[in-house]
*Asks:* 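What follows is a single structure, and I will ask about it in a moment.
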Amino acid sequence: MVNCKTALVCGAGGFIGSHLVKRLKKEGYWVRGVDLKYPEFTPTEADDFIMGDLRDPLICRASLDDYFDEVYQLAADMGGAGFVFTGENDADIMHNSALINLNMLEASYKRNVGKIFYSSSACMYPEHNQMDPDNPQCSEDSAYPAYPDSEYGWEKLFSERLFFAFARNYKMHVRVARFHNIFGPEGTWEGGREKAPAAFCRKVAMTEPGGEIEMWGDGKQTRSFLYIDECVEGVLRLMKSDFIGPVNIGSEEMVTINQLAEMVMKIAGKQQTIKHIPGPLGVRDRNSDNHLIQEKLGWKPSRPLEEGLKKTYRWIAEQVNKNNDSSLK
Ligand code: NAD
């Protein structure tokens with residue numbers, strides 16, 4: 001095939017997948033992407049791109065028609081709180097993502113791929129450990145007894161176990177990370193699947209100074225957010241290491257959702273009023289616990305939240321302006 005390392009990125013049309021493709025290309029890999037769609041905002045940098053549905057085992061096999069050094073399995077039916085926590089998409093979330101994982105793993109096993117990465121989520125941590133704003137528990141060993149607060153989290157937990165079972169029984173080289181709220185430019189910013197940072201950047205960009213922006217809940221719930229480039233760096237480090245995981249890839253800079261919105265307003269230079277309304281929320285409090293990743297990979301985020309938010313706000317404000325310009329034509 002080719003003379004350099006090869007990688008297959010499943011979900012290469014999505015937010016994290018498209019950034020990962022760019023980074024792998026910079027590292028000198030030959031990359032094939034596969035997804036239901038091309039990246040929305042910039043052309044893919046993959047050397048080859050298969051448009052296909054990974055729920056279909058034949059597509060999984062066709063994506064692996066040759067040996068690959070590395071497979072990154074990021075494809076999933078997912079979105080922000082408005083998609084994952086309403087309960088309306090539970091059947092699709094569980095069924096679609098489980099099928100993708102089952103089929104991709106089997107195809108990867110049969111093709112004897114070098115290593116396979118799976119992106120799990122902090123949503124698999126038990127709800128009862130995430131009720132106290134001063135002390136949310138998200139260390140990797142706090143996963144059991146399991147009680148995720150969403151079907152999305154249960155599917156992630158099942159699939160983590162599936163990947164580890166293949167590692168145990170079939171000696172596959174598996175790596176599993178639990179992502180904590182990844183954000184950045186070229187992510188979904190409208191349409192219902194966007195996450196909190198993108199949603200606030202959009203709302204602030206679209207609202208005049210002195211206007212009002214809506215927020216689900218009282219805004220006192222806490223989260224941490226990790227900038228996309230840091231996430232990709234963590235993934236590559238995990239793939240290069242001997243540590244199989246599961247390991248958190250997140251930030252420990254915990255903020256309330258009110259603080260997040262205020263940070264965005266400060267970046268935009270606009271003071272607005274927050275109107276709290278009922279909406280889907282997820283767990284009360286969550287923060288990444290980075291002890292394990294620091295110990296095993298010597299990794300922690302290198303830049304503060306505000307820096308990533310500035311880049312994200314700038315990009316979303318541009319998208320809002322583009323939309324406004326085209327609606328005037
Ligand atoms: P995303 O929705 O932007 O990307 C997922 C991609 O998977 C999409 O492009 C989608 O089209 C593709 N896909 C879905 N069903 C498919 C199918 N049947 N066949 C082929 N492709 C299919 O999401 P993302 O934010 O880039 O997340 C990537 C991975 O990381 C997901 O597994 C997600 O669960 C996990 N994760 C993300 C976050 C985050 O904050 N973004 C947090 C925790 C975990």
Side-chain angles (χ1 to χ4, degrees), residues 8-22 32-41 44 46 49-60 62-63 71-84 89 92-104 107 117-125 138 148 150-160 163 176-199 223-228 230-232 234-235 245-251 282 286 288 308 312:
L8 175 72
V9 178
C10 307
F15 168 50
I16 303 174
S18 58
H19 282 271
L20 178 64
V21 168
K22 285 184 196 165
R32 171 180 286 164
V34 53
D35 202 304
L36 292 169
K37 60 177 177 70
Y38 287 111
E40 234 172 291
F41 306 107
T44 182
F49 197 98
I50 294 181
M51 287 278 264
D53 188 336
L54 293 167
R55 290 172 302 179
D56 179 348
L58 294 178
I59 299 290
C60 295
S63 306
V71 172
Y72 294 84
Q73 198 327 68
L74 303 166
D77 199 1
M78 72 95 76
F83 183 75
V84 164
N89 306 299
D92 282 348
I93 288 171
M94 296 194 90
H95 181 255
N96 293 341
S97 297
L99 274 184
I100 296 170
N101 288 317
L102 288 161
N103 291 334
M104 244 353 268
F117 171 85
Y118 174 59
S119 52
S120 181
S121 164
C123 288
M124 47 62 61
Y125 284 115
C138 286
S150 64
E151 301 300 4
Y152 171 74
W154 280 106
E155 191 281 327
K156 287 292 185 193
L157 195 57
F158 161 76
S159 290
E160 279 189 8
F163 273 73
V176 175
R178 296 171 177 162
F179 291 161
H180 288 244
N181 293 318
I182 314 304
F183 76 100
E186 300 184 16
T188 305
W189 61 279
E190 61 175 351
R193 288 197 187 220
E194 66 278 16
K195 307 265 184 73
R223 291 290 184 281
S224 67
F225 301 93
L226 183 70
Y227 189 64
I228 179 68
E230 312 259 23
C231 168
V232 171
V235 171
V247 69
N248 292 328
I249 295 188
S251 159
R286 173 173 293 150
S288 185
T312 309

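None of the values given here were measured: they were computed from a predicted structure. Order of appearance sets the numbers: ligands from 1, and atoms from 1 within every ligand.
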*Asks:* With heavy-atom distances below 4.5 Å as the criterion, would you say the side chains of Val21 and Thr44 are in contact?
*Replies:* yes

*Asks:* Looking at every non-hydrogen atom in both residues, tell me the closest pair between Pro246 and Arg178 and how far apart they are.
*Replies:* CG-NH2, 3.4 Å

*Asks:* Using a 4.0 Å cut-off to any heavy atom of Ile100, which atoms of ligand 1 qualify?
*Replies:* 15 (N), 16 (C), 17 (C), 18 (N)

*Asks:* Which one holds for Lys37 and ligand 1: side chain close, backbone close, both close, or neither close, with close meaning a heavy atom under 4.0 Å?
*Replies:* side chain

*Asks:* Run the numbers for me: atoms of ligand 1, each under 4.0 Å from some heavy atom of Ala75, listed by number.
*Replies:* 7 (O), 21 (N), 22 (C)

*Asks:* At what distance is the nearest protein heavy atom to atom 16 (C) of ligand 1, and which residue and atom is it?
*Replies:* Leu36 CD1, 3.4 Å

*Asks:* Using heavy atoms and a 4.0 Å limit, tell me yes or no: is Asn96 in contact with ligand 1?
*Replies:* no

*Asks:* Could you tell me, atom by atom, which parts of ligand 1 come under 4.0 Å of a heavy atom of Gly52?
*Replies:* 19 (N), 20 (C)

*Asks:* Heavy atoms only: give me the nearest Leu74-Gly17 pair and the separation to one decimal.
*Replies:* CD1-CA, 3.5 Å

*Asks:* With atoms numbered from 1 as shown, which atoms in ligand 1 lie under 4.0 angstrom from a non-hydrogen atom of Asn181?
*Replies:* 40 (O)

*Asks:* Quick one: look at Tyr152 and ligand 1, take heavy-atom pairs under 4.0 Å, and tell me if it's side chain, backbone, both or neither.
*Replies:* side chain

*Asks:* Taking all non-hydrogen atoms of both residues, which atom of Arg223 and which atom of Gly282 are closest, and how far apart?
*Replies:* NH2-C, 3.8 Å

*Asks:* For Glu230 and Leu226, work out which heavy atoms get closest and say how close.
*Replies:* CB-CD1, 3.6 Å

*Asks:* Whether the side chain of Ser224 engages the backbone of Ser251 through a donor-acceptor N/O pair (distance < 3.5 Å, no angle test) should be reported.
*Replies:* yes

*Asks:* According to side-chain contact (heavy atoms from CB on, under 4.5 Å), who are the partners of Ser18, at least two apart in sequence or on a separate chain?
*Replies:* Pro39

*Asks:* Measure Asp35 to ligand 1 on non-hydrogen atoms and call it side chain, backbone, both or neither using the 4.0 Å cut-off.
*Replies:* both

*Asks:* If you take the nearest heavy atom of each of Phe183, Phe179, Phe225, Phe15, which one is closest to atom 42 (C) of ligand 1?
*Replies:* Phe179

*Asks:* Of the listed options (Ser97, Ser119, Ser159), which comes nearest to atom 30 (O) of ligand 1 when hydrogens are ignored and any heavy atom counts?
*Replies:* Ser119

*Asks:* Relative to atom 5 (C) of ligand 1, which among Gly184, Ala76, Cys10, Ala177 owns the nearest non-hydrogen atom?
*Replies:* Ala76

*Asks:* So between Lys195, Arg178, Glu194, Arg193, whose heavy atom ends up nearest atom 38 (C) of ligand 1?
*Replies:* Lys195

*Asks:* Measure up the Phe183 and Phe225 rings against each other and bin them: parallel (under 30°), tilted (30 to 60°), perpendicular (over 60°).
*Replies:* perpendicular

*Asks:* Which of the atoms of ligand 1 are close to Asp53, meaning less than 4.0 Å from one of its heavy atoms?
*Replies:* 17 (C), 18 (N), 19 (N)

*Asks:* Compare every heavy atom of His180 with every heavy atom of Cys138, then report the nearest pair and how far apart it is.
*Replies:* CB-CE1, 4.1 Å

*Asks:* Can you see which heavy atom on Ile249 is nearest to which on Gly234, and at what distance?
*Replies:* CD1-C, 3.6 Å

*Asks:* Judging by distance only, is a nitrogen or oxygen of His180 under 3.5 angstrom from one on ligand 1?
*Replies:* no

*Asks:* Give the atom numbers and elements of ligand 1 that come within less than 4.0 Å of a heavy atom of Gly13.
*Replies:* 9 (O)

*Asks:* At what distance, to the nearest 0.5 angstrom, does CG of Leu20 lie from CD1 of Ile228?
*Replies:* 8.0 Å

*Asks:* Mind checking whether Ser121 has an N or O less than 3.5 Å away from an N or O of ligand 1?
*Replies:* no

*Asks:* Are any of the N/O atoms on Met78, whether in the backbone or the side chain, positioned under 3.5 angstrom from an N/O atom of ligand 1?
*Replies:* no

*Asks:* Just to be sure I read this right, does ligand 1 sit under 4.0 Å from the backbone of Ser120, its side chain, both, or neither, counting only heavy atoms?
*Replies:* backbone

*Asks:* Checking side-chain polar atoms at under 3.5 Å, does Arg55 have a donor or acceptor matched by the opposite partner on Asn96?
*Replies:* yes

*Asks:* If you have a sec, work out which protein heavy atom is nearest atom 19 (N) of ligand 1 and how many Å separate them, to one decimal?
*Replies:* Leu54 N, 2.9 Å

*Asks:* So if I apply the side-chain contact (heavy atoms from CB on, under 4.5 Å) rule between Lys156 and each of Ser120, Pro148, Ser97, which one comes out positive?
*Replies:* Ser120

*Asks:* Would you check whether Ile182 has a nitrogen or oxygen atom less than 3.5 angstrom from a nitrogen or oxygen atom of ligand 1?
*Replies:* yes

*Asks:* Quick check on contacts: which atoms of ligand 1 are under 4.0 angstrom from a heavy atom of Gly14?
*Replies:* 3 (O), 4 (O), 8 (C), 9 (O)

*Asks:* Does an N or O from Leu74, backbone or side chain, lie closer than 3.5 Å to an N or O of ligand 1?
*Replies:* yes

